[in-house]
Amino acid sequence: MTMDAINRERTLVGRADLDLDPVKRPTREEAMAAVRTLIAWSGDDPRREGVLDTPKRVVDAYGEWFNGYSADPAKELSRTFEDVQGYDDIVMLRNIEVESHCEHHMAPFLGKAFVAYMPTNRVVGISKIARVVEIFARRLQTQETMTQQIADAICDSLKPAGVAVLIDAAHQCMTTRGVHHRDVTTITTQFVGVFKTDRALQQRFLDFVNRG
Ligand SMILES: Nc1nc2c(ncn2[C@@H]2O[C@H](COP(=O)(O)OP(=O)(O)OP(=O)(O)O)[C@@H](O)[C@H]2O)c(=O)[nH]1
Ligand SMILES: [Zn+2]
């Protein structure tokens, strides 16, 4: 079982290391009842006509925002191609949309991911890298964890010479509430293999990130 599969299983059934009881997935009706509770907690009346269908919409929206729990990044990366021409340089995707939610407030954080790897002899379909970013984004976690998980998934599956990941995102828990710092973005990076040991290569990655 891959580390990601183990982590996903832990997420679904409870943290084995904390010795918690397994979490049973609530029914759709239970989830909608929870939304009605939050509407009342906000000060509104869940029986008011304008919000009658809101629990259904919120539960559907959660189904989209958090569908990363039912997806497997390793599966997305399992189809690789031998590069017969011997391509041996950086492969990098810039400006991958990140739409995620922080695990502390369940508030959106929005930004861009930049992901590069140095192939050995196999390459992966480039859309699969963007899919891996999307899978991790559609789970609750911190930006740091997400950055690391993307790098780990690519390392585990492709066994490349190196991986670099940079995420630049604005957290709505910081911009729309709390400290209300509208223009702050958070940058996280993870460098593995040659991107960690070869400073010139790391700088090339950062130069590509900053190309505008
Ligand atoms: N390191 C990290 N922190 C995050 C991330 N998303 C949200 N946070 C922070 O999580 C922290 C939670 O702090 P708490 O003091 O427990 O919560 P809080 O009282 O709501 O904090 P404030 O946001 O400062 O009002 C806050 O500082 C958030 O800015 C993330 O992806 N990574
Ligand atoms: Zn937050």
Side-chain angles (χ1 to χ4, degrees), residues 2-12 14-15 17-20 23 26 31 34-35 37-44 54-55 57-73 76 93-117 129-156 163-192 195-196 202 205-206 209-210:
T2 65
M3 260 328 280
D4 186 63
I6 292 167
N7 287 337
R8 201 171 57 254
E9 196 156 284
R10 276 191 192 141
T11 310
L12 287 174
R15 293 273 303 277
D17 52 328
L18 293 181
D19 212 17
L20 297 177
V23 175
V35 177
T37 302
L38 284 176
I39 292 172
W41 170 250
S42 306
D44 211 318
T54 299
R57 294 190 197 99
V58 172
V59 168
D60 286 344
Y62 267 49
E64 275 185 54
W65 289 332
F66 301 113
N67 69 12
Y69 290 110
S70 55
D72 184 357
E76 294 294 343
L93 277 79
R94 300 178 68 248
N95 292 324
I96 303 169
E97 296 288 344
V98 170
E99 295 174 346
S100 191
H101 290 77
C102 75
E103 67 186 15
H104 298 145
H105 300 91
M106 296 180 79
F109 63 91
L110 307 174
K112 304 275 189 197
F114 301 79
V115 181
Y117 72 99
I129 303 271
R131 283 187 194 283
V132 166
V133 171
E134 191 173 302
I135 288 170
F136 288 119
R138 292 185 177 205
R139 298 177 185 180
L140 288 172
Q141 81 302 79
T142 64
Q143 186 177 321
E144 293 94 322
T145 301
M146 185 182 160
T147 309
Q148 194 180 344
Q149 285 172 331
I150 294 166
D152 286 352
I154 295 170
C155 281
D156 285 355
V163 176
V165 181
L166 182 148
I167 298 178
D168 184 2
H171 289 243
Q172 289 188 5
C173 62
M174 256 191 88
T175 58
T176 68
R177 60 159 295 286
V179 289
H180 289 275
H181 280 244
R182 288 264 173 92
D183 295 329
V184 174
T185 67
T186 302
I187 291 178
T188 46
T189 60
Q190 194 71 43
F191 298 111
V192 184
F195 285 96
K196 199 178 184 93
Q202 191 180 110
F205 169 80
L206 294 172
V209 168
N210 292 322

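Below, all heavy atoms of this structure are taken into account, side chains as well, without hydrogens, waters or symmetry copies. What you are looking at is a predicted structure, and each value in this text was computed from that prediction instead of being measured. Atoms within a ligand are numbered from 1 in the order they appear, just like the ligands themselves.
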Just how far is it from atom [atom1] of [X] to atom [atom2] of [Y], taken to the nearest 0.5 Å?
X	Y	atom1	atom2	value
Met174	Phe109	CE	CZ	13.5 Å
Leu110	Ser100	CG	OG	9.0 Å
Cys173	His101	SG	NE2	11.0 Å

Legend entry - Backbone N/O of Arg139 and side chain of Gln141: donor-acceptor pair under 3.5 Å: yes
Legend entry - Side-chain (Gln143) to main-chain (Ile167) donor-acceptor, under 3.5 angstrom: yes
Inset, instruction - Provide, to 0.1 Å, the distance between atom 32 (N) of ligand 1 and the closest protein heavy atom, together with that atom's residue and name. - result: Glu144 OE1, 2.7 Å
Legend entry - Heavy-atom protein contact below 4.0 Å for atom 10 (O) of ligand 1: yes
Legend entry - Protein heavy atom under 4.0 Å of atom 14 (P) of ligand 1: no
Legend entry - Qualifying residue, where the test is side-chain contact (heavy atoms from CB on, under 4.5 Å) with Asp168 and the options are Ile187, Thr189, Asn95: Ile187
Inset, instruction - Look at Cys173 and state whether any of its N, O or S atoms is less than 2.8 Å from the Zn ion (ligand 2). - result: yes
Inset, instruction - Measure from the Zn ion (ligand 2) to each N, O or S atom of His104 and report whether any distance is below 2.8 Å. - result: no
Legend entry - Angle, SG of Cys102 through the Zn ion (ligand 2) to ND1 of His105 - 10° precision: 120°
Legend entry - Options His171, Glu103, Met146, His101, ranked by nearest heavy atom to atom 5 (C) of ligand 1, top entry: His171
Inset, instruction - Please work out which of His180, His181, His104 has its closest non-hydrogen atom nearest to atom 12 (C) of ligand 1. - result: His104
Inset, instruction - Determine, using heavy atoms of His105 and all atoms of ligand 1, whether some pair is separated by less than 4.0 Å. - result: yes
Inset, instruction - Mark the output for Arg177 as yes if a heavy-atom distance to ligand 1 is under 4.0 Å, and as no if none is. - result: yes
Legend entry - pair Thr175-Gln172: side-chain heavy atoms closer than 4.5 Å: yes
